[in-house]
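Notes follow once the structure below has been shown.
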Amino acid sequence: MAYLFPRRLRDKFWPEPLPPPGSFQGQTVLVTGATAGLGRAAAVHFATLGARVILTSRSMASGEAAKRDIERMAGITGQGKIRVMELDMNRYSSCVSFFNQLKQSEQWSHGLDCAVLNAGIINPHFAESPEGWEQTIQVNTLSTTLLGLLLLSWMKQGPKDRNPPHLVFVTSRDHLEPDITSWADWSGQGGGLLQYFSREENWPSHQPQPNYAESKLMLMYAVGEICNQAVGPDGRVRVIVNSVCPGLVSTDIARLVVKHSRAMQLLVPLYLGVLGKSADYGARFYVTAARASEKEHGKFVQSLLTDEEYHRLRVPNMESDTATDVKGLVWKEILSELREKVPSLDELMKA
Ligand SMILES: NC(=O)c1ccc[n+]([C@@H]2O[C@H](COP(=O)([O-])OP(=O)(O)OC[C@H]3O[C@@H](n4cnc5c(N)ncnc54)[C@H](OP(=O)(O)O)[C@@H]3O)[C@@H](O)[C@H]2O)c1
């Protein structure tokens with residue numbers, strides 16, 4: 001959309017303001033996938049603003065290296081305010097064991113004030129997760145939803161008199177892009193939509209980011225359901241849930257896309273170089289979302305579109321009759337997959 005170019009340039013040079021120093025003093029913030037890019041930049045912001053930060057990585061070695069960088073950048077070396085935990089979202093067992101360890105940790109036992117589910121991937125090559133799903137769908141949709149459900153149930157149990165904690169899902173404006181008119185039909189074909197997007201013969205290899213927009217749209221559907229579950233029987237919001245798009249940010253997320261073809265080797269760095277903002281600037285929207293008010297529960301935090309534009313553009317994929325049908329189908333599939341593969345899900349959500 002050409003009219004967005006000037007706004008991308010604006011966002012590249014005019015940062016979202018940060019709250020005053022000490023705004024997160026005494027708070028504990030979880031950031032998944034914080035060894036690089038936006039997650040690491042967000043961890044630096046939260047730590048600089050006073051928070052204790054739990055960051056996750058698939059490898060403890062790179063998590064510890066990121067921890068040292070973040071402590072240095074935030075000026076908190078040696079203060080013991082950052083903790084690294086292992087999390088591989090290709091496997092449900094890793095998500096569940098991460099969640100159990102998080103809950104059991106005495107050091108952080110007062111619970112979380114904010115969780116930012118940031119970890120996400122783009123993979124131009126078809127790859128299957130150990131759970132049997134295409135990896136983009138596995139990480140961006142299924143495992144993010146699993147973590148969201150587990151964290152929500154835990155965060156809801158906090159004392160009723162404290163300010164509601166925040167659960168932030170990093171999605172993308174790309175959720176507006178898929179054409180969902182055939183999704184209900186695909187859902188009806190053996191195995192459902194998740195199977196459809198996970199079959200190699202349906203892999204859209206001509207696209208630079210196959211399944212990415214679809215994975216984020218399905219996550220947006222799940223976030224809608226999680227928002228409903230975050231409201232208590234008295235109608236009060238127990239956990240403030242938001243989705244956020246950091247905008248176009250120069251990170252390594254496109255590294256595999258760049259390797260994919262010669263054209264991409266030229267185009268991606270050029271595009272990101274001209275219009276991509278820094279991870280520092282993009283991660284500021286996570287901080288904004290982590291301070292959203294109860295009235296802003298459910299809001300999609302982003303800067304590229306005006307609220308009016310976003311509400312108009314979201315109609316086909318989020319508000320139309322087709323979207324309502326598809327949303328229900330997707331949620332049903334996600335929930336039945338999670339219940340089947342994580343039989344302890346309902347118990348974990350109650351405990
Ligand atoms: N960059 C953009 O322009 C942009 C725009 C809109 C939305 N986003 C979203 O922002 C989020 C962060 O993107 P980024 O650009 O910062 O990407 P990035 O630089 O590639 O960082 C991704 C992070 O996710 C972690 N990760 C990757 N695979 C994982 C897995 N299987 N399990 C657990 N963690 C995993 C990585 O940590 P380890 O390798 O240490 O595990 C890494 O720290 C993503 O959700 C992305 O979709 C980005």
Side-chain angles (χ1 to χ4, degrees), residues 4 8 11-12 30-44 55-67 69-70 84-95 97-99 116-123 127-131 133-148 168-177 208-209 211-220 223 243-258 268-269 271-273 275-286 289 300-304:
L4 296 178
R8 289 202 195 277
D11 282 0
K12 187 179 160 99
L30 163 71
V31 185
T32 63
T35 52
L38 283 150
R40 186 174 59 181
V44 173
L55 60 91
T56 76
S57 171
R58 279 170 295 177
S59 124
M60 286 305 277
S62 43
E64 290 296 336
K67 171 183 164 173
D69 285 351
I70 294 163
V84 183
M85 292 184 73
E86 198 173 305
L87 170 66
D88 180 357
M89 293 166 65
N90 261 316
R91 292 178 292 115
Y92 297 131
S93 58
S94 174
C95 299
S97 105
F98 160 76
F99 175 67
V116 181
L117 299 184
N118 160 77
I121 59 166
I122 292 175
N123 190 354
E128 211 174 71
S129 76
E131 308 293 347
W133 304 106
E134 189 283 311
Q135 267 184 18
T136 319
I137 303 289
Q138 180 68 59
V139 173
N140 296 359
T141 310
L142 291 166
S143 294
T144 303
T145 302
L146 172 61
L147 284 173
V168 177
F169 290 85
V170 178
T171 62
S172 166
R173 187 186 60 86
D174 290 1
H175 74 272
L176 300 171
E177 285 172 9
Q209 304 181 4
N211 274 2
Y212 179 74
E214 289 76 7
S215 71
K216 294 291 188 178
L217 175 56
M218 291 197 270
L219 178 59
M220 285 294 284
V223 172
S243 50
V244 59
C245 176
L248 182 67
V249 180
S250 294
T251 67
D252 263 0
I253 197 166
R255 61 195 164 271
L256 291 171
V257 179
V258 168
V268 173
Y271 187 53
L272 285 177
L275 295 174
K277 59 186 165 222
S278 66
D280 170 338
Y281 278 21
R284 287 166 181 244
F285 293 96
Y286 296 10
F300 177 50
V301 176
Q302 51 86 41
S303 71
L304 203 58

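As the structure lists them, so they are numbered: ligands from 1, and atoms in each ligand from 1. Not measured: the values here are computed from a predicted model.
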Check whether Q302 reaches the backbone of L304 with its side chain - one donor and one acceptor, N or O, closer than 3.5 Å.
yes

Could you pull out every protein residue that has a heavy atom closer than 4.0 Å to ligand 1, ordered by chain and then number?
G33, A34, T35, A36, G37, L38, S57, R58, L87, D88, M89, N90, N118, A119, G120, I121, V139, V170, T171, Y212, K216, P246, G247, L248, V249, T251, D252, I253, R255, Y286

Donor-acceptor pair, side chain of S94 and main chain of L87, under 3.5 angstrom
no

Could you list the residues that satisfy salt bridge (charged side-chain N to carboxylate O under 4.0 Å, His left out) with D69, not counting sequence neighbours?
R40, R72

Are any non-hydrogen side-chain atoms of E86 and T56 less than 4.5 angstrom apart?
no

State, without any angle test, whether S143 and Q138 hold a side-chain donor-acceptor pair at a distance under 3.5 Å.
yes

N211 side chain to T136 side chain, donor-acceptor N/O pair below 3.5 angstrom
no

